[in-house]
Colleague: 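Take this structure first; my questions come after.
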Amino acid sequence: MVLPKNKKLTPRSQLLRKSATKEENHLWHDYLKTYPIQFNRQKVIGNFIVDFYCNSVRLAIEIDGSQHYTSGALCYDEERTSYLNGLGITVLRFSNTDIKKNFNEVCTTIHEKVCELTGYTLIRHG
């Protein structure tokens, strides 16, 4: 299934890749970039941009900074998650603090979810 894409968001997704947070860069460079199944950064899906996306298992990963915990942002994130779930996409959310303080656990959670979604046991790297 081809995912819907608002092409007007492509320049914004490119800018977000160039100006990624420390936590996004850490997860990307130290884990996802070399993961055995391909992930993309700042993927446009419909009218949303997800931090990381793996098309082969339909998994989106979101890294939430403090701005995500306001009432307006929480509603927006719920709307986005509901939309993505409606497309058959699983969403994993982690906070910046999770990345900073529990990086190995975050990687383990991602790996376990990928294995669950593929039905395969993959050798974990990193």
Side-chain angles (χ1 to χ4, degrees):
M1 174 179 153
V2 176
L3 294 172
K5 178 180 181 178
N6 180 343
K7 292 181 181 182
K8 292 179 182 178
L9 292 176
T10 299
R12 174 90 175 124
S13 71
Q14 292 168 338
L15 178 64
L16 288 170
R17 274 193 293 277
K18 291 177 184 174
S19 61
T21 65
K22 287 187 293 186
E23 293 79 15
E24 289 169 345
N25 278 328
H26 182 27
L27 184 59
W28 175 250
H29 290 290
D30 298 328
Y31 191 65
L32 294 176
K33 185 176 181 180
T34 59
Y35 195 77
I37 296 177
Q38 182 182 11
F39 277 85
N40 298 106
R41 297 185 298 157
Q42 305 301 334
K43 173 77 173 167
V44 177
I45 302 173
N47 288 319
F48 300 101
I49 300 172
V50 298
D51 292 331
F52 302 100
Y53 181 69
C54 179
N55 189 58
S56 62
V57 294
R58 300 182 77 76
L59 176 64
I61 299 171
E62 289 292 309
I63 309 300
D64 295 340
S66 60
Q67 73 278 11
H68 284 266
Y69 300 103
T70 65
S71 60
L74 288 170
C75 289
Y76 178 82
D77 286 345
E78 284 179 25
E79 177 186 336
R80 177 170 45 182
T81 297
S82 178
Y83 174 78
L84 294 170
N85 289 163
L87 293 173
I89 297 170
T90 301
V91 179
L92 289 179
R93 289 192 167 281
F94 301 101
S95 68
N96 282 343
T97 302
D98 291 331
I99 301 296
K100 290 179 204 172
K101 295 187 175 185
N102 303 308
F103 186 72
N104 286 332
E105 290 84 356
V106 167
C107 295
T108 297
T109 299
I110 293 167
H111 181 72
E112 288 173 350
K113 183 54 76 174
V114 169
C115 289
E116 175 189 322
L117 293 170
T118 62
Y120 295 116
T121 301
L122 302 169
I123 296 173
R124 182 166 172 225
H125 80 292

Colleague: Taking the side chain as C-beta and beyond, is there a heavy-atom pair between Leu87 and Pro4 under 4.5 Å?
Modeller: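 Sidechains of Pro4 and Leu87: in contact.
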
Colleague: Quick check: is Leu16 connected to Leu3 through a chain of hydrophobic side chains (ILVMFWY, heavy atoms under 4.5 Å apart)?
Modeller: no

Colleague: Has Gln38 got more than 12 heavy atoms of other residues, nucleotides or ligands less than 6.0 Å from its CD?
Modeller: no

Colleague: In Å and rounded to the nearest 0.5 Å, what is the NZ to NZ distance from Lys5 to Lys43?
Modeller: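 Going from NZ on Lys5 over to NZ on Lys43, the span is 5.5 Å.
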
Colleague: Check whether any side-chain heavy atom of Thr81 lies under 4.5 Å from a side-chain heavy atom of Glu62, and answer yes or no.
Modeller: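 The answer is no, as the side chains (C-beta and beyond) never meet within the 4.5 Å cut-off.
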
Colleague: Check side chain to side chain donor-acceptor pair (under 3.5 Å) between Asn40 and all other residues, then give those that pass, not counting sequence neighbours.
Modeller: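 By the side chain to side chain donor-acceptor pair (under 3.5 Å) rule, Asn40 matches no residue at all.
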
Colleague: Please list, chain by chain and in numerical order, all residues satisfying side chain to side chain donor-acceptor pair (under 3.5 Å) with Glu116, sequence neighbours excluded.
Modeller: Lys113

Colleague: CG/Asn102 to OG/Ser95 distance, rounded to the nearest 0.5 angstrom?
Modeller: 8.0 Å

Colleague: Any side-chain heavy-atom pair from Leu27 and Arg41 closer than 4.5 angstrom?
Modeller: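 Answer no - side chains too far apart.
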
Colleague: If hydrophobic clusters are built from ILVMFWY residues whose side chains come within less than 4.5 Å, do Ile37 and Ile110 share one?
Modeller: yes

Colleague: Asn55: which residues meet the side chain to side chain donor-acceptor pair (under 3.5 Å) condition with it, sequence neighbours left out?
Modeller: Tyr53

Colleague: Just verifying a value: how many Å separate Asn96 CG and Asp64 CG, rounded to the nearest 0.5 Å?
Modeller: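 Reported value, rounded in 0.5 Å steps: 8.0 Å.
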
Colleague: Would you say Arg80's side chain and Ile49's backbone share a donor-acceptor pair under 3.5 angstrom?
Modeller: yes

Colleague: Scan Ile99, Thr21, Leu32 and name whichever one has a side chain to side chain contact (heavy atoms under 4.5 Å, CB included) with His26.
Modeller: Ile99

Colleague: Under the criterion side chain to side chain contact (heavy atoms under 4.5 Å, CB included), which of Val106, Asp98, Asp51, Leu92 is the partner of Ile63?
Modeller: Asp51

Colleague: Compare all side-chain heavy atoms of Phe48 with those of Asn6 and state whether any distance is below 4.5 angstrom.
Modeller: no

Colleague: Nearest 0.5 Å, please: how far is CD in Glu105 from CD in Glu112?
Modeller: 11.0 Å

Colleague: Going from CZ on Arg17 to CD on Glu24, what distance comes out if it is rounded to the nearest 0.5 angstrom?
Modeller: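 The distance works out to 11.5 Å.
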
Colleague: Would the distance check show the side chain of Ser82 and the main-chain N or O of Glu79 forming a donor-acceptor pair, the cut-off being under 3.5 Å?
Modeller: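 Between the backbone of Glu79 and the side chain of Ser82 there is no qualifying donor-acceptor contact (under 3.5 Å).
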
Colleague: Any chain of hydrophobic side-chain contacts (each under 4.5 Å) joining Ile61 to Leu117?
Modeller: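 Yes, because Ile61 and Leu117 connect within a single hydrophobic cluster, where side-chain heavy atoms sit under 4.5 Å apart.
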
Colleague: Tell me whether Phe39 shares a hydrophobic cluster with Val44, the cluster being built from Ile, Leu, Val, Met, Phe, Trp, Tyr side chains joined at under 4.5 Å.
Modeller: no

Colleague: Is the closest side-chain heavy-atom distance between Thr90 and Arg58 below 4.5 Å?
Modeller: no

Colleague: Parallel under 30°, tilted from 30 to 60°, perpendicular over 60°: which one fits the rings of Trp28 and Phe52?
Modeller: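 Ring orientation of Trp28 relative to Phe52: parallel.
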
Colleague: Taking side chain as C-beta onward, heavy atoms only, is Thr109 less than 4.5 Å from Phe94?
Modeller: yes

